[in-house]
Amino acid sequence: MNSIFNINSKVRLAIFDLGGIIMPIRMEKTALAFAKLGAHEISAHVTASHAHDGIFNTYQNGNISTPDFLKAVRTETGVSGTDEQIRDAWNAMLHEPNTDRLNLIKEIAKHTPTVLLSNSNDMHIVWAREHMQPFGGFESFFLKTYFSHEVHLSKPDPKIYELVLHEMNVNAQDAVFFDDSPLNIDAAKALGIDARLVEAL
């Protein structure tokens, strides 16, 4: 097992990110797919450095419905295409779950409670749930899933970590968190969580 994932017996909760930790993310593929649909300046919207801005952040926090998001994408980017084409472009960044990582999490779950904490959105999670089904779904690996668009909070807001700790009845110092974003890791560390930066898949 990769040493970064070593957990001692005192840890009461292991928290895992989704994108980059379980499913590889290639944002440039979505930017390219949108460009093919005629979108302008789409890269600035979908790159990691802009993940907390504009309609994409609004959608990520569940403050706009998928139909309204699709309309907003057309308005803000000039994209032309059917809803299905825009959905496909938006999901182009997503890749199949990494089986080695899933197996590692399943091993950890044998001795430590595990939950999933992801900044995501409705369209991505519909896709992710479908592609997790061959592995038994998220339920086969995690006691609970926390998706930003469902809880209306997103990392690195401290409130989303506090929500997880509260609902799982675990103190910060008894939890370990795995994520590929330095911002998210720093926010978790500030609360006293053992946060570990993992190189993105």
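Only a predicted model underlies this, so the values are computations on that prediction, with no experimental measurement involved.
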Subject >> Fellow cluster residues of Val126, listed by chain then number, with links counted only when side-chain atoms sit under 4.5 Å apart >> reply: none
Original post:
Less than 4.5 Å apart, any side-chain heavy atom of Asn184 and any of Asp17?
Top reply: no
Subject >> hydrophobic_cluster_shared for Leu201 and Met132, side chain cutoff 4.5 Å >> reply: no
Original post:
Quick one: CD on Glu139 to OG1 on Thr145, what's the gap to the nearest 0.5 Å?
Top reply: 7.0 Å
Original post:
Does the side chain of Ser154 pick up a donor-acceptor pair with the side chain of Asn119 at under 3.5 Å?
Top reply: no
**OP:** Find the distance between CD (Glu162) and CG (Asp157) and round it off to the nearest 0.5 Å.
**Re:** 8.0 Å
Original post:
When the ring centroid of Phe177 is compared with that of Tyr161, is the distance short of 6.0 Å?
Top reply: yes
Subject >> Carboxylate-amine/guanidinium contact Asp179 Arg196, below 4.0 Å >> reply: no
Original post:
Distance from Leu104 atom CG to Phe178 atom CZ, nearest 0.5 Å?
Top reply: 8.0 Å
Original post:
Under 30°, 30 to 60°, or over 60°: which ring-plane class applies to Trp127 and His131, parallel, tilted or perpendicular?
Top reply: parallel
**OP:** For residues Ile193 and Ala175, report the shortest heavy-atom separation together with the two atoms involved.
**Re:** CG2-O, 3.6 Å
Subject >> Test item: Leu116 and Phe138 side chains (from C-beta on) under 4.5 Å apart, heavy atoms >> reply: yes
Original post:
Does Glu84 come within less than 4.0 Å of Arg87, counting only side-chain N to carboxylate O?
Top reply: no
Subject >> Common cluster, Val151/Leu165, ILVMFWY with side-chain heavy-atom separation under 4.5 Å >> reply: yes
Subject >> Asn63 and Thr58 side chains, donor-acceptor separation under 3.5 Å >> reply: no
**OP:** Verify side-chain contact (heavy atoms from CB on, under 4.5 Å) between Ile22 and Asn98, making sure each step is shown before the conclusion.
**Re:** CA-CA 6 Å; Ile22 297 171; Asn98 181 285; 5.9 Å; no
**OP:** With rounding to the nearest 0.5 Å, note down the distance linking NE2 in His124 to CD in Gln60.
**Re:** 10.0 Å
Original post:
Which atoms form the tightest heavy-atom contact between Lys10 and Asp174, and what is the distance?
Top reply: O-OD1, 4.4 Å
Original post:
Could you walk me through whether Leu70 and Val73 pass the side-chain contact (heavy atoms from CB on, under 4.5 Å) check?
Top reply: CA-CA 5 Å; Leu70 294 172; Val73 167; 5.7 Å; no
Original post:
After noting the C-alpha distance and the side-chain angles of Asn61 and Leu153, does the key distance pass the side-chain contact (heavy atoms from CB on, under 4.5 Å) rule?
Top reply: CA-CA 6 Å; Asn61 282 343; Leu153 292 167; 5.7 Å; no
**OP:** Would you kindly confirm whether Phe34 and Ile25 end up in one hydrophobic cluster when ILVMFWY residues are joined by side chain heavy atoms under 4.5 Å apart?
**Re:** yes
**OP:** Find out whether Ser118 and Tyr146 are in side-chain contact, i.e. whether some heavy atom of one side chain is under 4.5 Å from a heavy atom of the other.
**Re:** no
Subject >> Exercise: identify the closest heavy-atom pair between Ala195 and Lys189 >> reply: O-CE, 3.2 Å
**OP:** Kindly indicate whether the side chain of Glu96, heavy atoms from C-beta on, has any atom under 4.5 Å from the side chain of Met23.
**Re:** no
**OP:** Identify, with sequence neighbours excluded, every residue that meets side-chain hydrogen bond (donor to acceptor under 3.5 Å, both in side chains) alongside Asp68.
**Re:** Ser65
Subject >> pair Phe16-Phe141: side-chain heavy atoms closer than 4.5 Å >> reply: no
**OP:** Mind running side-chain contact (heavy atoms from CB on, under 4.5 Å) on Val11 and Asp194 for me, showing each step along the way?
**Re:** CA-CA 9 Å; Val11 172; Asp194 177 4; 5.6 Å; no
Original post:
Taking the six-membered ring for Trp, are the ring centroids of Phe69 and Phe56 within less than 6.0 Å of each other?
Top reply: yes
